[in-house]
Amino acid sequence: MAKEFRIYNTLSNRTEALLPKKKDHLTFYSCGPTVYSYAHIGNFRSFLTADLILRTANAIGWDVTYATNITDVGHLTEDDLTDPSGEDRMVKALKSKEGEQFVNIWDLARHYTETLVEDWHRLNLREPTVRPRATEHMREQIAAVQKLMANGHAYETDKGVYFSVTSFPEYGKLSGNRLENELEQTVRDVVVDDDKHDPRDFALWKKDDKHLMQWFSPWGWGFPGWHIECSVMAMSYLGETIDLHAGGEDLIFPHHECEIAQSESLTGKPFATVWAHTRFLQVEGEKMSKRLGNFFTVRDLVAPESEGGKGIDPLAVRMTLFSGHYRKPFNFTMKTLKGNVRHRERLEEIIAMVGHPEEGTGDYAGETGTVLAGMYERALEAMLDDLNTPAALAQLFGGTKMILGKGDALDEQARAAARRWLSDMNALLGVVYYDDAPAPAEVEDPLAAQVEPLLQERAAARAAGNWGRADEIRDELSALGVDIKDAKDGTTWKRKQQI
RNA sequence: GGUGACGUGGCCGAGUGGCUAGGCAAGGGUCUGCAAAACCCUGUACGGCGGUUCGAGUCCGCCCGUCACCUCCA
C-alpha cells in the first residue's frame, strides 16, 4: 500500500499530498546559506526540515534527488539595486575582525563552506545528492540572463540587467505581494536606479568592475543577482519542474517569488510543484540577534569547552530544533535543550542495554517487537502528516520508556527487535546515533587523568565500607565539575552540563 | 497599511467533531550504604463572547492578545 506524504504548500496555502512527477522519485531543492559566517541554529532549523523531508521520503521507499546550494557570491544587502555602494555581506565579513584571518574573499568563502559541512555532519544531516556552488555555475547564470533578455523578460540599464516584473503577470502568486505600490510603502532611504521600469524589478546581473568577485559577461565585468543562481542550479540538476522546493520563511519573498518569475519565464513551465517553508525560531522568547545576546551558532553549542563551546551533545541540539513543528513559531530555550540532553542520555542507555543496531538487527518479533513496530509505524505516520515531529518524538519517548522499564528482562529476541526499532527510528529522525557520517572523533578528555585515580580510591573505600571517605571523594569530584553514578558493574562519570 | 500564522494544564508541546498525546517540572512510592539514574503512581487544560450540533479544544462569526514577512536574514 502506497503511503501518502502530505506537506503544507505555501503556493496553495493548503496541506496536500506530495506527488513526485516520476513515481517514487522525488526531486527536491533546498536553499542553502550564504557563506559569510558560521551557520547559526536558525539556519540549521531550516536545513533540518529538508533533512527530515529526505528521511521521511526515504522511509517510504522513495528515491530522492536532493540538491542544496552554497551561495558563495556575496550579494548586495539591497538586492534590487545594482548600485555598488550597497554593501556586500561577504565583503563586510572580510573587513571585520573575524575576517582578518582570510587571505581574500575566496578564502573566506572556502572556510565558511567547509565549516558549514562540518556542522552539517555534526547535526547528523544526510549528505545531499549534490551541493552546487553559485560560483561554479556562472556560465549557466549568464546564459539564463541572456535568454531572459531575448524573451523580453529582462532589460539592461547603465547599472545592470533587471527582470521585468510586468512581463510575468503571475508575480506575487507565492507571497501574495502583488501590489505594485506596496514596495513604495516601505520606507527606504537608499539610492534607487532611476532607470528601472518598475519598482518591483529585481537585478539579474550587476555591473561592477571593482567588486572583489567578478566575472566577464555580455554586459561587462560584474556579478549575478541573488535569485538567478537558485533557478539555474535547481534546473541544472533537477529539471525544469521540480517536485519540492524548500527554505526558510524569509525566502518566500523576495527570493522564491523571484525564482518563480525567472524560471517560469525561461521555461514556460511551473518551476516547483510544492513550496515548503520553515518558520524562524526564536531564542528565549525573542528574535535571535547578536544584540540581544541570544545568537547561537551550531559551533557555540556543540564545540568542546576547551574550544570555547558549550560541549553539548549535537544530537540533543538536533532534537531540540525539531521538538516543535517546523511551521509554527518555535522558542529555542536552554531549558528545552537541557531536557533533550537527558533524552539523548536515555537513548544511549538503551543502546548500552540492547546493543548497537550496527551489531545486527532482528525482526519485530515477539510481544516487545509488536509494540515497537506499532510505535515506529505511528512515528512514520506522524512524519508523513506534514512532518509532525513532536508526535514522532512522543513515539520515540514511549519506546525508550518501555525498553528501559523492561531492562534486563528483555530476551535476545526482544533485544534484536529493539535494535531494529532503534535503527528504524534513527533512519527517520536521526537522533539515536550517527548514521550517514562517522561520529566526530572522540577526544581524550583531559579531565580523565584527574578523575580516574579518585574513582579508584573511592571504589576501595566503598569496598572497605568507608562511606565517609567515599562521599568525600564524591564531593571532590563534584567540585571538579564531574557527576558520578554507581551501577552494578562499576562507577561511571561525566561532566556536569554547563547549560 | 498589506499578507500569513498562532493563542492548549506550572512550563514546553501534539490533537479539525465524541475515544489517555507526549515531555519537563512538582508530589508520593520502589530500588540503592547514601547519592544519582531507572521504574511505578498522581494532572480532565484548551484567550473571550456568541452561533452550528445530540455532542466543539476541534466547525462558523466577532472581539482581545502574540508573532512573522512586506528587498539584511534560514
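The sequence lines fix the lettering, A, B, ..., with proteins before strands; numbering per chain opens at 1.
Residue A:Asn43 has no polar side-chain atom (N or O) positioned under 4.0 Å from OP1 or OP2 of B:C73. In this model, the phosphate group of B:A5 is not approached by any side-chain N or O of A:Arg327 to a distance below 4.0 Å at OP1 or OP2. At B:C69, one or more side-chain N or O atoms of A:Lys287 fall inside 4.0 Å of OP1 or OP2 (strictly under the cut-off).
Separation of the C1' atoms belonging to B:U66 and B:U8 is 15 Å when rounded to the nearest angstrom. Rounded to a whole angstrom, the distance from the P atom of B:U44 to that of B:C67 is 32 Å. Rounded to a whole angstrom, the distance from the C1' atom of B:G9 to that of B:U20 is 15 Å. Rounded to the nearest Å, the gap between the C1' atom of B:A68 and that of B:A37 is 42 Å. Of the P atoms belonging to B:C6 and B:G13, the separation is 14 Å, rounded to the nearest Å. Nucleotides B:G29 and B:A45 have their P atoms positioned 28 Å apart, rounded to a whole Å. If you take atom P in B:C60 and the same atom in B:C41, they sit 38 Å apart, rounded to whole Å. The separation of B:G23 from B:G43, taken at their C1' atoms, amounts to 14 Å, rounded to a whole angstrom.
Between A:His111 and A:Tyr38, the ring-plane angle classifies as perpendicular under the 30° and 60° cut-offs. Aromatic ring pairs are classed by plane angle as parallel below 30°, tilted from 30° to 60° and perpendicular above 60°; the pair A:Phe168 and A:Phe163 is perpendicular. Using the six-membered ring where Trp is involved, A:Tyr29 and A:His245 have ring planes that are tilted, between 30° and 60° apart.
Rounded to an integer number of Å, the gap from NZ of A:Lys196 to P of B:U71 is 11 Å. Rounded to whole Å, the distance from CG on A:Asp250 to C1' on B:C67 is 15 Å. One can place CZ of A:Phe322 at 16 Å from C1' of B:C12, the figure rounded to the nearest angstrom. The nearest whole Å value for the distance from the OH atom in A:Tyr112 to the P atom in B:A74 is 14 Å. Spacing between atom CE of A:Met288 and atom C1' of B:C72 amounts to 13 Å, rounded to whole angstrom units. Between the C1' atom of B:G15 and the CG atom of A:Leu387 lies a distance of 17 Å, rounded to the nearest Å. Rounding to whole angstrom units, CD of residue A:Gln282 and C1' of B:A74 are separated by 15 Å. A:Leu347 has its CG atom 14 Å from the P atom of B:G23, to the nearest Å.
Counting only heavy atoms from C-beta outward, the side chains of A:Asn331 and A:Gln282 approach each other to under 4.5 Å. A:Tyr155 has its side chain out of reach of A:Leu204: every pair of non-hydrogen atoms, C-beta onward, lies at least 4.5 Å apart.
Ionic pairing of A:Glu377 and A:Lys3 is present here: one or more N-O contacts between side-chain nitrogen and carboxylate oxygen are shorter than 4.0 angstrom. Look at A:Glu257 and A:Arg200 and you find no salt bridge, because none of the NZ, NE, NH1 or NH2 atoms lies under 4.0 Å from a carboxylate O. The pair A:Glu349-A:Arg346 fails the salt-bridge criterion, with no side-chain N (NZ, NE, NH1 or NH2) lying under 4.0 Å from an Asp/Glu carboxylate O.
Side chain of A:Asp72 to backbone of A:Ala109: no donor-acceptor contact under 3.5 angstrom is found.
An aromatic stack links A:Phe280 and the base of B:A74, using centre distance under 5.5 Å and interplanar angle under 30°.
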- Apply side-chain contact (heavy atoms from CB on, under 4.5 Å) to A:Phe47 and A:Thr278, showing your working. CA-CA 9 Å; A:Phe47 309 153; A:Thr278 304; over 6 Å; no
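Closest approach to the A:Asn388 side chain among B:A68, B:G15, B:G23 is made by B:G15 (side chain taken as heavy atoms from C-beta onward).
Residue A:Asp385 is the one, among A:Ala394 and A:Asp385, whose nearest nucleotide of RNA chain B lies closer to the 5' end (criterion: closest heavy atom). Mapping A:Pro33 and A:Asn13 onto RNA chain B by nearest heavy atom places A:Asn13 at the nucleotide closer to the 5' end.
When heavy atoms are screened at a 4.0 angstrom cut-off, A:Leu281 is found touching base atoms of the nucleic acid. Within 4.0 Å of A:Phe332, counting heavy atoms only, lies no atom of the nucleic acid at all. Within the nucleic acid shown, A:His343 comes within 4.0 Å of sugar-phosphate atoms alone, with no base atom in reach, counting heavy atoms only. Among the atoms of the strands shown, none is found under 4.0 Å from any heavy atom of A:His255.
With sequence neighbours left out, the salt bridge (charged side-chain N to carboxylate O under 4.0 Å, His left out) criterion links A:Glu452 to no other residue.
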- Message: Please encode protein proximity along nucleotides 30-41 of chain B as a string of B, S and -, counting only heavy-atom distances under 4.0 Å.
- Response: ---BBBBSSSS-
- Query: When Watson-Crick pairs (N1 to N3 and N6-O4 or O6-N4) and G-U wobble pairs (N1-O2 and O6-N3) count only below 3.5 Å on both distances, what is the dot-bracket string of RNA chain B, with | for other-strand pairs?
  - Reply: (((((((..(((.....[...))).(((((.......)))))....(((((..]....))))))))))))....
